[in-house]
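Structure first, commentary second.
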Amino acid sequence: MERPKEEKEYSFNDSKKINRRLLLGSVAASAVIALVKTTTGQFVPAAVAKPASAPPDPTKVQGPPPGAVGTRSPFEQLAKKTSDTSSRTPLQSLYGTITPSDLHFERHHGGVPVIDPTAYKLVIHGMVKKPMTFTLNDLKRFPSVSRIAFLECSGNFRSGKQEMTPQEICGLTSQSEWTGVMLSTLFREVGASPKATWFLAEGSDAAVMTRSIPMGKGWNDAMIAYGQNGEALRPQQGYPARLFLPGWEGNTNVKWIRRIEVSDQPFMTREETSKYTENIKDGKIRQFSFDMDARSIITFPAYPVQLDKGWVEIKGLAWSGRGKILRVEVSVDAGKKWYPATLQEPVLDKAHTRFRFLWKWNGNETEIMSRAIDETGYTQPTLQQLIDARGTDMGGYHLNPITAWIIKRDGSVLFKPEKWK
Amino acid sequence: MLLLFLAALYIASCKGRQEDEMIVYNKNSAALSKIDSATETKIITEMPATFGIGRKATNAEIKAWDIDVRPDGKGLPYGSGNATEGKVIFTQKCAACHGKEGEGGAYARLVGAMGDTVKAKTIGNYWPWSTTLFDYIRRTMPYNMPGSLKDDEVYSLTAYLLYRNKIIDSTKNMDAKSLPKVVMPARQYYVDDDRRGGPEIR
């Protein structure tokens with residue numbers, strides 16, 4: 001499987017075997033066990049459901065009484081697809097637009113920290129009138145807001161073989177209803193200087209993740225989120241509080257946020273220089289690529305579905321970090337003709353939008369694909385258009401090409417991978 | 001209007017300390033008066049600038065967490081180190097994962113000077129700021145014991161990795177003054193994001 005260079009270089013996956021042997025024999029053995037645990041341990045679903053069996057007639061036996069916590073049907077075996085650096089949302093198995101919190105994608109740089117909410121604090125300092133510390137309770141006392149928005153990793157593109165599911169190709173995007181306090185409210189509370197241009201957001205994970213964010217985004221629509229889909233954030237999404245920047249690349253949405261430093265220049269952290277930057281033409285390296293461009297993917301029919309001749313409802317997701325989805329177009333003849341798909345209302349700003357398209361398949365081999373158009377007038381490009389714009393050395397971040405599915409005469413559906421290197 | 005305002009002021013002053021006031025925020029309130037005379041509740045139509053929630057951060061609290069280093073050197077601590085010392089520490093604490101001399105192993109290759117044949121992105125051919133190296137190593141390396149290095153060790157490791165990437169020579173001392181002055185070969189290639197939405201693909 002071909003993977004963008006950026007990921008490959010530091011992927012745990014590529015050298016897993018050598019690595020464990022090597023590490024266990026090294027001076028660092030004890031700490032390494034923890035590493036193995038965090039990288040593999042957390043990915044094993046806590047309770048792998050037993051093979052489901054139902055009574056022959058459910059009307060003839062009493063079912064279990066009401067429980068304290070609901071469970072997924074044992075017939076629904078939903079899981080994220082894990083590697084040692086990330087885990088991916090099963091886009092092909094979901095309905096509507098909200099990602100169940102336990103299926104939200106994950107990408108961390110130092111594992112998932114355990115943070116005691118009663119000990120949690122957020123410090124805001126730097127170019128402010130009054131440096132301040134907020135407890136989790138403090139954050140919850142401020143006026144709150146909720147918004148539904150997607151969160152996508154900018155490294156969200158995989159290709160290389162035909163047997164790939166939507167989850168494998170682009171499962172590093174998920175959507176939640178986020179609740180929290182507007183960062184602008186906190187900026188006013190501390191008296192952030194009007195002269196400040198950047199702030200540093202820092203997490204309390206083992207990576208002590210840091211990103212520099214323009215103050216404009218902070219004043220505009222940034223949130224310190226503590227709620228996700230009606231409950232507290234999941235640890236994997238930053239419990240007890242994270243930065244949420246609608247429409248911006250996942251990594252900038254610093255999880256487990258502990259500190260904000262207001263400044264008049266970017267800090268040039270490793271995650272905005274060595275990583276999360278991309279090669280473009282003429283040897284240039286593009287930096288601070290914050291906005292996630294518009295993208296869509298057909299999630300049904302997609303590999304490994306076996307399609308029957310006749311009516312098919314093509315379904316998928318479209319989203320843009322720059323605003324609302326204006327239109328999604330679908331082609332059922334390998335891109336010759338495009339037709340508008342139906343968008344599920346309400347279409348929200350910077351949010352996964354469900355599209356549907358009715359089609360009667362006549363059994364001939366063909367290719368189906370979708371492209372998203374957002375309210376800025378941007379049309380989701382082909383991979384070739386991206387190569388034309390960025391050059392053949394283009395990096396692995398911010399790749400949002402049109403995804404095509406090949407439908408064979410026998411009804412099998414295959415991903416159409418394209419090569420560029 | 002003016003009379004009303006004066007009346008409001010009068011009532012407010014009669015009430016004594018402002019903190020005892022009852023206030024409601026109602027953006028859409030069409031009320032002429034800013035005081036509900038029946039209950040003496042003040043109505044405001046703009047959110048208060050501050051809520052008086054949270055406390056002043058102590059200097060100790062900020063100092064304990066403020067570990068970032070900016071390209072201009074702000075945040076670099078007292079201390080120093082050079083490549084010779086750095087090599088010893090690297091062998092002990094880093095080589096198991098990054099290769100004997102940073103040539104890569106189970107994890108990232110760290111060495112590859114600008115212009116040589118190394119394909120991987122490295123400190124030498126991709127990192128635009130020298131200060132990032134200090135900040136990152138101190139913040140989170142070694143991966144199995146993050147945040148365990150002393151400042152002198154971080155300076156030494158920084159010097160060693162800069163030396164191995166042919167950016168400084170082996171005897172050069174790295175400290176809060178000299179490190180920000182080291183110009184990284186890749187810096188000239190960095191440009192700001194030029195994507196703007198709209199019809200053009202960039």
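Residue numbering restarts at 1 for every chain, and letters A, B, ... go by the order of the sequence lines.
- Taken from OG1 in A/T269 to CZ in B/R70, the straight-line distance is 14.0 Å, to the nearest 0.5 Å.
- Neither the backbone nor the side chain of B/L133 comes within contact range of chain A; no heavy atom of the residue lies under 4.5 Å from a heavy atom of that chain.
- By number of non-hydrogen pairs under 4.5 angstrom with chain A, the leading residue of B/D66, B/D135, B/T50 is B/D66.
- Side-chain contact between A/T133 and B/K56: absent, with no pair of heavy atoms (C-beta onward) separated by less than 4.5 Å.
- With 3.5 Å as the limit, one finds a donor-acceptor pair spanning the side chains of A/T277 and B/Y126.
- Of all non-hydrogen atoms in A/G110 and B/Y143, the two that sit nearest each other are CA-OH, 4.2 Å.
- The backbone N or O of B/I123 lies less than 3.5 Å from no partner atom in the side chain of A/S274, so there is not a single donor-acceptor pair.
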Test side chain to side chain contact (heavy atoms under 4.5 Å, CB included) applied to A/R270 and B/I137, step by step: CA-CA 10 Å; A/R270 183 255 192 173; B/I137 295 172; over 6 Å; no

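- No side-chain donor-acceptor contact under 3.5 Å links A/T376 to the backbone of B/G197.
- Around atom CG of B/D72, more than 12 heavy atoms belonging to other residues, nucleotides or ligands sit under 6.0 Å away.
- Looking at A/E375, there are no atoms closer than 4.5 Å to chain B (heavy atoms on both sides), in backbone or side chain.
- With a threshold of 4.5 angstrom between heavy atoms, A/I280 approaches chain B through side-chain atoms but not through N, CA, C or O.
- Atoms CD and CD1, on A/Q384 and B/I201 in that order, are 12.5 Å from each other to the nearest 0.5 Å.
- Looking at B/M47, the atoms closer than 4.5 Å to chain A (heavy atoms on both sides) all sit in the side chain, from C-beta outward.
- Within the model, atoms CZ of B/F51 and CG of A/D138 stand 13.0 Å from one another, a figure rounded to the nearest 0.5 Å.
- When every heavy atom of A/P131 is checked against every heavy atom of B/I62, the shortest pair comes out as CB-CD1, 3.8 Å.
- Remark: the backbone N or O of B/D193 is not paired with any side-chain donor or acceptor of A/Q287 at under 3.5 angstrom.
- When each of B/G54, B/G75, B/P199 is checked for heavy-atom pairs under 4.5 Å with chain A, B/G54 comes out on top.
- Ranked by heavy-atom pairs under 4.5 Å with chain A, the list B/P146, B/G147, B/P128, B/P71 is led by B/P71.
- Between B/R195 and A/D293 there is a salt bridge, since a side-chain N of the basic residue sits under 4.0 Å from a carboxylate O of the acidic one.
- Of the two parts of A/K121, the backbone and the side chain both hold a non-hydrogen atom closer than 4.5 Å to a non-hydrogen atom of chain B.
- For A/T273, the parts sitting under 4.5 Å from any heavy atom of chain B are the backbone and the side chain alike.
- Around CZ of A/R141, the count of heavy atoms belonging to other residues, nucleotides or ligands within 6.0 Å does not exceed 12.
- Residues B/R139 and A/E271 are not paired through a salt bridge, judged by the lack of any N-O separation under 4.0 Å between the basic side chain and the carboxylate.
- A salt bridge links A/R259 to B/D68: one of the charged nitrogens lies within less than 4.0 Å of a carboxylate oxygen.
- Annotation: maximal heavy-atom pairing with chain A below 4.5 Å, among B/N59, B/I53, B/V69, B/I67, occurs at B/I53.
- No more than 12 heavy atoms of other residues, nucleotides or ligands lie within 6.0 Å of NZ in A/K129, so this atom counts as exposed by the packing criterion.
- A/E189 places a side-chain N or O within 3.5 Å of a backbone atom of B/G52 that can act as its donor or acceptor partner.
- At distances below 3.5 Å, at least one donor-acceptor pair connects side-chain atoms of B/T132 with backbone N or O atoms of A/M268.
- The residue among A/R188, A/K284, A/R322 with the most heavy atom pairs within less than 4.5 Å of chain B is A/R322.
- Atom CD of A/E261 and atom NZ of B/K74 lie 5.0 Å apart (nearest 0.5 Å).
- Interatomic distance, CD1 of A/I285 versus OH of B/Y189, reported as 8.5 Å (0.5 Å rounding).
- No more than 12 heavy atoms of other residues, nucleotides or ligands sit less than 6.0 Å from atom OH of B/Y163.
- Note that the NZ atom of B/K121 and the CG atom of A/N279 stand 4.5 Å from one another [nearest 0.5 Å].
- For A/P266, the part sitting under 4.5 Å from any heavy atom of chain B is the backbone (N, CA, C, O) and nothing else.
- Chain B forms more heavy-atom pairs under 4.5 Å with one residue of A/S212, A/A207, A/A389 than with any other, namely A/A207.
- Contacts of A/S289 with chain B are made by both backbone and side-chain atoms, with heavy-atom separations under 4.5 Å.
- Among B/Y25, B/Y136, B/W65, the residue making the largest number of heavy-atom pairs under 4.5 Å with chain A is B/W65.
- Contact of A/R390 with chain B is made through the side chain alone, with heavy-atom distances under 4.5 Å.
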